[in-house]
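Pasting in a structure now, in structure tokens, and then I'll have a few things to ask.
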Amino acid sequence: MDQTFGQDSVPVSGPLDKSRVWDVKPLRRLVPVFPSAPNSSSSSAPPGAAPFFCTAPFGPFPSEVSPFYPFSASVGAQGQPQQNASFGYGNPVTAAVPITSFRTPPHSTAQVNGDTGPSRSSRGRVQSQSQGSFGDEDGYCDSQNQGAQFVSRYSMHIADAEVNSKGGRRKNKPQKRTRSGRDINVTLPDIDVDSIVNNILSSYNLMEFDTVRRTDGDRDSVGYILLIFDLLRRKLSQIEDVREAMPGVARRPDLRVGTILMNKGIRTNVKKRIGAVPGVEVGDIFFFRMELCLVGLHHPIMAGIGYMGLTVNLEEESVAVSVVSSGGYEDNVEDGDVLIYSGQGGNINRKDKEVTDQKLERGNLALEKSLRRGNEVRVIRGVKDLSTPTGKIYVYDGLYKIQESWTEKGKSGCNVFKYKFIRVHGQPEAFMTWKLIQQWKDGISLRVGVILPDLTSGAENIPVSLVNDVDDEKGPAHFTYLASLKYAQPVDSLEIFGGCDCRNGCVPGDQICPCIQKNAGYLPYTSNGVLVTQKSLVHECGPSCQCPPTCRNRVSQGGLRVHLEVFKTKDKGWGLRSWDPIRAGAFICEYAGQVIDISKIEELGGENVDDYLFDATRTYQPVEPVPSDANGVPKIPFPLIITAKDVGNVARFMNHSCSPNVFWQPVLRQSDKGYDLHVAFHAIKHIPPMRELTYDYGLPDKAERKKNCLCGSSKCRGYFY
DNA sequence: TTGTATCAGGGGTAT
DNA sequence: ACCCCTGATACAAGT
């Protein structure tokens with residue numbers, strides 16, 4: 001990571017005049033770099049500057065909208081299933097089945113499991129199925145689901161599902177037996193996690209990983225696996241939201257999906273190894289232990305110490321290969337390059353057992369051997385993060401060596417092993433960057449190179465820093481900050497849409513809510529505001545809905561959620577990155593600016609190129625993993641084109657990359673007056689702090705001026721538009 | 001929930 | 001008698 005922090009950091013403080021416009025330089029293009037403007041001082045506003053313009057995130061919405069061609073609300077219905085389970089942009093994914101049709105034909109589960117070889121979980125299911133009378137759900141039933149209460153709830157869900165699935169097949173479960181042996185006539189919903197997963201996986205042509213990649217990963221395969229994992233996990237969460245604790249749906253989707261992928265061999269670096277893991281880079285972040293497992297960074301699913309047997313001179317011994325320091329024990333993590341790691345065992349973390357001295361066995365023994373042997377050990381540091389449900393993010397902090405070990409009395413008074421880990425030199429900063437950012441936020445240390453602490457002057461709910469620690473350029477060229485999209489005229493709506501009536505916010509599973517119905521029956525976002533899957537169109541609640549701004553179906557209207565900074569890149573002008581980690585699917589920002597007519601572009605043509613165009617009508621490369629039948633055509637209700645040349649938000653600084661980490665999602669907000677189509681940016685994968693945010697600018701229909709691409713990706717096309 | 005250690009038993013081979 | 005492999009089982013474990 002680029003960690004050049006200059007010396008001339010003078011924090012700009014105090015309230016900024018909102019009418020001020022600073023003369024800064026736009027460099028969204030990669031090449032060529034603009035020459036410096038003469039009066040490029042960020043702190044002095046030129047006289048007669050345009051007034052600062054800002055719209056509140058929730059409206060009022062413009063009453064005038066441009067007359068694009070009428071949009072029929074049935075885009076999804078007439079075209080591909082909207083709920084395609086793919087991140088691939090605009091891929092129709094015919095093989096990806098809409099969520100409402102994820103239904104298992106009777107006995108297909110056995111088939112599926114048979115394909116993938118025996119495994120503990122699948123064996124259990126097959127067995128329970130072969131018992132006959134209960135059908136395949138029983139493998140997942142637990143006692144709590146057998147009461148009459150649940151029965152009635154299920155029936156409700158089924159009725160709802162029926163409405164929603166438009167004739168999708170469903171099995172009838174003739175009988176369900178209660179614990180007391182009483183038989184109840186009940187129709188169970190047949191949500192089968194395995195078939196959901198299989199449907200999605202087959203749409204990717206990815207039922208299994210080839211052996212080579214399973215043994216040794218690379219960047220692509222690691223990315224692939226993590227993408228699939230989180231996509232499936234979000235999908236399961238989405239279903240679980242609607243059908244609480246029902247059989248067949250995991251209460252811990254992460255474990256459930258992890259198990260399935262492990263059994264299917266959709267994992268990599270399966271063989272344990274000492275040292276670096278191919279495809280995983282220092283600084284990579286993870287949100288679940290399962291992810292560490294799937295990419296081969298740390299094999300134990302729970303335990304903190306990973307070790308392997310090593311035979312040297314006919315003598316076999318266990319050596320440690322990886323440790324996770326996540327706060328379960330009393331580790332010392334104060335120093336960024338040193339880690340005092342506690343040994344395992346001794347019932348330190350068990351409430352039901354008496355604390356004892358730790359023994360020199362298992363992981364402790366392996367660490368001891370690694371100390372003697374001097375082998376490198378991978379260190380994954382757990383970082384507190386309140387924005388995640390688990391409250392933890394795992395940061396891969398690279399290789400360490402164990403310098404010494406000792407025992408000491410822990411808080412409980414029993415002996416605890418301690419191991420002193422020293423970070424191997426010459427690795428990119430990872431955990432250190434996190435500590436640094438925390439210090440910037442706490443005001444303990446100053447971010448070097450800050451030109452403006454908040455270039456939005458309060459237009460956003462979170463400040464956006466303007467930073468240059470590369471050279472002495474004082475900022476991008478003048479523009480007016482606007483937090484949202486500005487329509488010149490309303491887009492006429494043929495359909496009268498009064499909005500929903502969910503006064504406390506739209507609730508998953510509410511089959512009456514028209515907004516949820518428009519999204520094929522499911523809220524498009526998970527409970528923490530993460531987009532479940534890329535869709536041809538997301539229908540958000542609009543101005544005429546009764547739900548509050550905090551409604552789960554208004555994610556893109558809620559403004560920024562992470563602390564962004566506009567920074568000067570080494571060779572691509574200005575760029576955008578985040579101080580906060582961003583998880584896959586999370587909303588980042590929308591593309592603000594002025595909506596313009598398509599004819600405007602043609603006028604521009606030739607010389608007067610607008611470098612701040614967002615053109616939704618371009619052809620976009622599908623986001624990886626590439627589904628087999630992607631055609632790259634987005635499904636939007638009208639040809640949206642936005643210019644952020646004079647007026648825009650942080651999104652105008654996002655550079656192009658041929659291997660992007662951000663994608664855009666069309667979002668429709670509807671009212672009785674008309675339509676507002678917005679462009680929302682979401683993370684493709686987990687993005688560590690300070691990594692540049694990029695998206696694919698797409699390919700225009702007509703030849704426009706090409707620019708040389710400097711994204712540096714192995715898949716770089718060499719140019720972009 | 002999984003990974004790991006441990007043990008019992010079967011089958012093969014060497015002494 | 002011994003080794004190696006396999007399956008069963010118990011149990012620990014920084015979810």
Side-chain angles (χ1 to χ4, degrees), chain A residues 118-125 139-140 142 193 229 233 236-237 249-265 267 270-272 286-294 296-311 314 316-333 339-367 369 377-385 388-397 400 410-412 416-419 421 431:
Chain A
S119 68
R120 270 180 226 206
S121 55
S122 61
R123 255 205 315 262
R125 284 182 56 76
Y140 294 101
D142 59 27
V193 176
F229 171 83
R233 191 192 58 77
L236 252 56
S237 302
V249 174
R251 273 147 297 182
R252 283 283 305 270
D254 56 321
L255 296 181
R256 191 84 172 94
V257 172
T259 306
I260 291 171
L261 294 186
M262 294 280 247
N263 290 337
K264 288 191 185 304
R267 54 184 296 193
V270 174
K271 215 177 153 196
K272 294 192 194 110
F286 305 87
F287 287 77
F288 295 95
R289 283 290 296 265
M290 265 301 181
E291 294 176 319
L292 303 177
C293 237
L294 288 167
L297 191 62
H298 183 76
H299 285 86
I301 196 165
M302 279 184 163
I305 306 167
Y307 50 96
M308 63 183 278
L310 209 61
T311 310
L314 297 173
E316 179 159 339
E317 59 182 26
S318 293
V319 292
V321 292
S322 55
V323 294
V324 176
S325 166
S326 62
Y329 288 76
E330 301 160 23
D331 293 343
N332 187 338
V333 295
L339 169 67
I340 310 295
Y341 192 83
S342 305
Q344 64 183 188
N347 301 328
I348 307 284
N349 289 318
R350 298 176 70 128
K351 286 179 181 166
D352 52 334
K353 287 199 176 173
E354 205 180 329
V355 181
T356 60
D357 285 346
Q358 290 185 343
K359 297 191 190 85
L360 191 58
E361 58 183 20
R362 298 170 185 270
N364 298 344
L365 185 59
L367 287 172
K369 300 275 184 194
V377 180
R378 298 184 293 272
V379 169
I380 298 106
R381 301 217 192 209
V383 181
K384 268 190 201 138
D385 183 278
T388 61
T390 51
K392 226 175 267 174
I393 294 176
Y394 300 99
V395 182
Y396 175 46
D397 200 32
Y400 282 64
K411 276 183 186 165
S412 57
V416 175
F417 285 95
K418 294 284 179 178
Y419 300 88
F421 283 68
F431 180 62

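As the structure is a computational prediction, the values presented were derived from the model and not from experiment. Here is the naming used below: chain letters follow the sequence lines, and residue numbers restart at 1 for every chain.
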For this session: For A:Asp331, report the nucleic acid contact type (base, sugar-phosphate, nothing); a contact means any heavy atom under 4.0 Å.
Result: base
Problem set entry | Side chain of A:Arg252 (C-beta onward), nearest among C:dT15, B:dA5, C:dG14 | C:dT15
For this session: Round to the nearest Å and state the distance from A:Arg362 atom CZ to B:dT4 atom P.
Result: 10 Å
Problem set entry | Sidechain-backbone polar pair: A:His299 side chain, A:Val270 backbone, donor-acceptor under 3.5 Å | yes
For this session: Have a look at A:Tyr307 and say if it touches a base, only the backbone sugar-phosphate, or nothing, with a 4.0 Å heavy-atom cut-off.
Result: sugar-phosphate
Exercise. Partners of A:Thr388 by side chain to side chain contact (heavy atoms under 4.5 Å, CB included), sequence neighbours excluded?
Worked result: A:Phe287, A:Asp385, A:Thr390, A:Ile393, A:Arg583
Problem set entry | Out of C:dA12, C:dG14, B:dT1, whichever nucleotide has its closest atom nearest the side chain of A:Lys353 | C:dA12
Problem set entry | Watson-Crick and G-U pairing of DNA chain B, under 3.5 Å, as dot-bracket with | and [ ] | |||||||||||||..
Seminar exercise, completed: Taking C:dG14, B:dG3, B:dA5 as options, the one with an atom nearest any side-chain atom of A:Ser342 is C:dG14
For this session: Sequence neighbours left out, what passes side chain to side chain donor-acceptor pair (under 3.5 Å) with A:Glu330? Give chain and number order.
Result: none
Exercise. In whole angstrom, what separates A:Gln344's CD from B:dT2's P?
Worked result: 19 Å
Seminar exercise, completed: Separation of B:dT2 atom P from A:His298 atom NE2, nearest Å, is 16 Å
Seminar exercise, completed: Rounded to whole Å, NZ of A:Lys392 lies from C1' of C:dG14 at a distance of 7 Å
Problem set entry | Candidates C:dA13, C:dT15, B:dT2 - which lies nearest the side chain of A:Leu255 | C:dT15
Exercise. With distance as the sole test, does A:Arg233 use its side chain to make a donor-acceptor pair with the main-chain N or O of A:Val257 at under 3.5 Å?
Worked result: no
Seminar exercise, completed: Residue set satisfying side chain to side chain donor-acceptor pair (under 3.5 Å) with A:Arg381, at least two apart, ordered chain then number -> A:Asp397, A:Tyr400
Exercise. Is A:Gly363 touching bases, backbone alone, or none of the nucleic acid, heavy atoms closer than 4.0 Å?
Worked result: nothing
For this session: Tell me which of A:Lys272 and A:Met302 sits closer to the 5' end of DNA chain B, going by the nucleotide each one is nearest to.
Result: A:Met302
Problem set entry | Between C:dT15 (P) and A:Met262 (CE): distance, integer Å | 16 Å
Exercise. Which residues pass the side chain to side chain donor-acceptor pair (under 3.5 Å) test with A:Glu291, sequence neighbours left out?
Worked result: A:His686
Exercise. Among all residues two or more places apart in sequence or in another chain, which pass the side chain to side chain contact (heavy atoms under 4.5 Å, CB included) test with A:Met302?
Worked result: none
Exercise. B:dG3 P sits how many Å from A:Met290 CE, rounded?
Worked result: 8 Å
Exercise. So which nucleotide from C:dA13, C:dG14, B:dT2 ends up closest to the side chain of A:Arg350?
Worked result: C:dA13
For this session: For A:Lys359, report the nucleic acid contact type (base, sugar-phosphate, nothing); a contact means any heavy atom under 4.0 Å.
Result: nothing
Exercise. Is a side-chain donor or acceptor of A:Gln358 paired with a backbone partner of A:Gly346 at a separation under 3.5 angstrom?
Worked result: no
Exercise. A:Leu292 has an atom CG; how far is it from atom P of C:dA13, in whole Å?
Worked result: 19 Å
Exercise. In whole angstroms, how far is the C1' atom of B:dT2 from the CZ atom of A:Phe288?
Worked result: 17 Å
